Amino acid sequence: MNSMEKTGHDQTCPDGLRNRFFQRKRMLAKDFQIEQDYLNGRRRLLSRSVLGWGVVYGFAIEGAKEIAGCIGAGDPHAGKGEPAQAPGTTPAGNAAAQAAPIDTSSKPDQASSKAPHKLSVAAGFGLDAGGREAVLREAVTLTAENTLLLVRVNGVWSPRRIDADLKPGRYMLAVHYAERVAGTTVPASFCCCRDEQWTHSCETVIFSLRSLESELCGCGEPECPGAPCACDACAGDPRSHARLVQWATARVAAEASHLRPWDPFQVALDAPIDLACVQIAGVPERCKPLEFVDIDASSPRRLVKTNDALYDLIRGCDLTHIEKVSWGPWHRNRTPVEFNDFAAFFNAQDLDKDSLLTKFSVLFSGPVLRESVRRDVMAITVQMVDGGTGWVRSRRIPISALDTTPSNKSLPTNMTDQFTVAVAKRWVRDEIDQSGESYLSERDFVVEIEVRGDLIEDCSGQTVDANAIGRRAYPTGNGSPGGTYFSSFKVKRSMRSQAEDSERTAR
């Protein structure tokens with residue numbers, strides 16, 4: 001060995017070999033490869049260990065069932081913890097953006113009768129389990145040229161051409177990081193012109209389909225050891241610090257899988273980013289778009305939760321809350337409301353022959369299930385101080401119904417974004433119009449209103465964040481689902497009652 005040369009203690013360096021730069025160092029192709037492998041490897045290690053993996057943003061699917069905005073959302077629990085359906089039936093999940101909720105009881109011939117359509121995936125960004133970045137710059141339509149079929153052979157996923165091996169049925173659509181050569185070819189050796197290499201590598205994505213017919217759980221629900229198809233049951237309770245320390249100590253970074261050939265690409269076959277559960281309509285043809293009848297692009301998606309998203313979730317920004325109440329200006333008032341102003345809230349149109357719609361209404365920030373808006377979600381109580389001993393007497397205003405006609409007429413029939421209180425006409429005649437003896441005519445009183453958010457479900461299955469915040473009438477919310485909205489205001493007794501008292505005093 002040359003006296004000028006030295007060797008390191010460990011030439012294999014399994015933990016991370018990188019270049020050292022100094023004057024007069026000669027860089028060979030393998031040195032540049034070492035540098036590139038080191039930078040890529042460390043970046044991907046950081047991504048998979050700290051950020052996790054899944055869809056970061058985008059990859060919207062044309063014609064998919066969407067939960068965003070909850071437009072057309074059906075049963076939020078559909079497809080969770082249920083066995084997979086027979087071939088040909090529609091997958092359970094969230095409802096279609098422009099259609100009625102999917103009927104999971106459909107027979108095969110019913111599913112196949114739906115009009116097939118092509119599928120386009122919009123631009124997006126995802127991280128796979130190996131930390132590689134799957135970047136799609138513009139929307140693409142799925143064809144046999146950009147989509148492969150994954151088949152499990154001896155425990156290993158193997159690619160197949162979809163125009164030769166794909167059959168109608170239920171599949172998981174996923175996107176994979178992929179590479180292919182690009183640029184131009186140049187001689188790689190000075191002594192052999194036939195040894196040529198491409199000058200660049202192009203990072204791109206490839207889509208895959210893998211069958212769901214043999215899976216026991218619903219779309220996007222992996223099986224858990226000793227637990228049903230609800231993977232949250234496997235996680236245990238990580239709330240205590242000791243449990244978190246144990247979890248972090250036992251956790252190791254995932255190993256990056258190798259790219260495997262699928263001409264002309266090198267594809268991360270073992271690191272799919274699931275996008276949707278789909279139903280193939282027919283046998284695909286070469287050079288033509290794939291055709292689908294059902295698409296669920298919500299249930300199977302694993303998301304990368306950025307810091308902004310986590311803080312938004314902590315603050316409850318994803319929760320439906322009470323956006324406005326019609327009596328807002330009276331909320332916790334210091335100046336009593338005139339009785340005539342209070343009575344005007346009961347001068348509305350008829351709901352039916354026995355009930356009268358009032359002007360007491362509640363508006364939500366998003367759609368809620370009509371079925372959950374029942375009469376017991378609202379209570380209006382009148383509190384009046386007894387003249388003798390000071391006891392407070394309470395009486396509930398008899399709510400006969402809640403009208404759930406939405407303000408947004410484009411909502412599905414099972415959704416609403418508001419409700420209005422209705423009371424019995426006879427009660428209004430006796431107590432408000434004061435045609436006879438009235439409980440409200442005795443003296444000043446306090447009205448207390450409760451809206452029970454724990455009983456109202458939004459379209460994603462969460463209860464409405466209804467907690468009142470200090471003196472603010474609306475919007476509500478303390479960042480956690482459920483809670484009760486409490487509002488109160490003072491009302492002066494009627495002028496008629498005051499005039500009768502003055503007349504009695506004069507006598």
Side-chain angles (χ1 to χ4, degrees), residues 322 324-363 373-404 418-452 455 466 468 471-474 476 484-507:
I322 295 175
K324 188 176 182 180
V325 295
S326 58
W327 65 94
W330 302 345
H331 177 73
R332 301 190 67 191
N333 60 338
R334 289 184 177 273
T335 304
V337 178
E338 294 293 339
F339 182 84
N340 288 342
D341 294 334
F342 174 70
F345 263 59
F346 295 89
N347 295 328
Q349 71 270 25
D350 292 349
L351 179 63
D352 53 45
K353 66 176 183 177
D354 297 320
S355 298
L356 185 73
L357 275 178
T358 71
K359 295 178 183 178
F360 287 97
S361 62
V362 176
L363 176 69
V373 183
R374 303 179 184 180
R375 191 167 55 180
D376 59 351
V377 307
M378 179 86 164
I380 305 177
T381 306
V382 172
Q383 307 280 6
M384 191 172 292
V385 178
D386 187 83
T389 59
W391 280 96
V392 177
R393 291 180 290 166
S394 299
R395 289 194 179 182
R396 287 275 177 89
I397 293 178
I399 297 175
S400 58
L402 297 179
D403 178 54
T404 57
Q418 67 175 2
F419 69 81
T420 303
V421 175
V423 296
K425 289 182 179 180
R426 185 177 64 178
W427 180 88
V428 174
R429 184 177 62 248
D430 292 344
E431 299 293 342
I432 302 299
D433 297 341
Q434 297 186 347
S435 58
E437 291 294 326
S438 170
Y439 177 78
L440 301 180
S441 66
E442 296 182 10
R443 53 186 57 85
D444 298 351
F445 55 90
V446 173
V447 177
E448 295 181 349
I449 300 177
E450 290 183 6
V451 181
R452 295 155 181 158
L455 304 180
R471 293 173 294 171
R472 190 172 75 189
Y474 50 79
T476 64
T484 299
Y485 176 74
F486 178 86
S487 178
S488 66
F489 53 87
K490 300 175 183 177
V491 181
K492 288 184 179 179
R493 59 178 173 161
S494 67
M495 296 299 293
R496 173 183 170 182
S497 176
Q498 294 179 38
E500 290 174 351
D501 284 354
S502 298
E503 184 179 344
R504 281 195 292 270
T505 301
R507 292 174 186 173

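As the structure is a prediction and not an experimental result, all values here were calculated from the model. Residue numbers count from 1 along this sequence.
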[X] side chain to [Y] side chain, donor-acceptor N/O pair below 3.5 angstrom:
X      : Y      : answer
Ser361 : Gln418 : no
Arg396 : Thr381 : yes
Ser355 : Ser400 : yes

For this session: Answer yes or no: does atom CZ of Arg375 have more than 12 heavy-atom neighbours from other residues, nucleotides or ligands under 6.0 Å?
Result: no
For this session: For Arg393, look at atom CZ and say whether over 12 heavy atoms of other residues, nucleotides or ligands are found less than 6.0 Å away.
Result: yes
Exercise. Do Tyr474 and Tyr485 have ring centres separated by under 6.0 Å?
Worked result: no
For the residue pair [X] and [Y], what are the closest heavy atoms and their distance?
X      : Y      : answer
Met378 : Ile449 : CE-CG2, 3.6 Å
Ser326 : Lys359 : OG-O, 2.6 Å
Ile322 : Ala466 : CD1-CB, 4.1 Å
Ser488 : Val446 : CB-CG1, 4.3 Å
Leu356 : Phe346 : CD2-O, 2.9 Å
Gln383 : Glu448 : NE2-OE1, 3.1 Å

Roughly how far, to the nearest 0.5 Å, is [atom2] of [Y] from [atom1] of [X]?
X      : Y      : atom1 : atom2 : result
Ser487 : Arg332 : OG    : CZ    : 9.0 Å
Phe345 : Phe360 : CZ    : CZ    : 6.0 Å
Trp327 : Thr358 : CH2   : OG1   : 9.0 Å
Leu440 : Met384 : CG    : CE    : 5.5 Å
Leu402 : Thr420 : CG    : OG1   : 8.5 Å

Exercise. In chain order, what residues pass the salt bridge (charged side-chain N to carboxylate O under 4.0 Å, His left out) check against Lys490, with sequence neighbours excluded?
Worked result: none
State, yes or no, whether a side-chain contact exists between [X] and [Y] at a heavy-atom distance under 4.5 Å.
X      : Y      : value
Ile397 : Trp427 : yes
Asp386 : Val392 : no
Val451 : Phe486 : no
Leu455 : Asp376 : yes

Problem set entry | Mutual orientation of the aromatic rings belonging to Phe342 and Trp330 [parallel < 30°, tilted 30-60°, perpendicular > 60°] | tilted
Problem set entry | side chain to side chain contact (heavy atoms under 4.5 Å, CB included) evaluation trace for Ile380 with Val447 | CA-CA 7 Å; Ile380 305 177; Val447 177; 3.7 Å; yes
Exercise. Is a salt bridge present between Arg426 and Asp354, judged by a nitrogen-to-oxygen distance below 4.0 Å?
Worked result: no
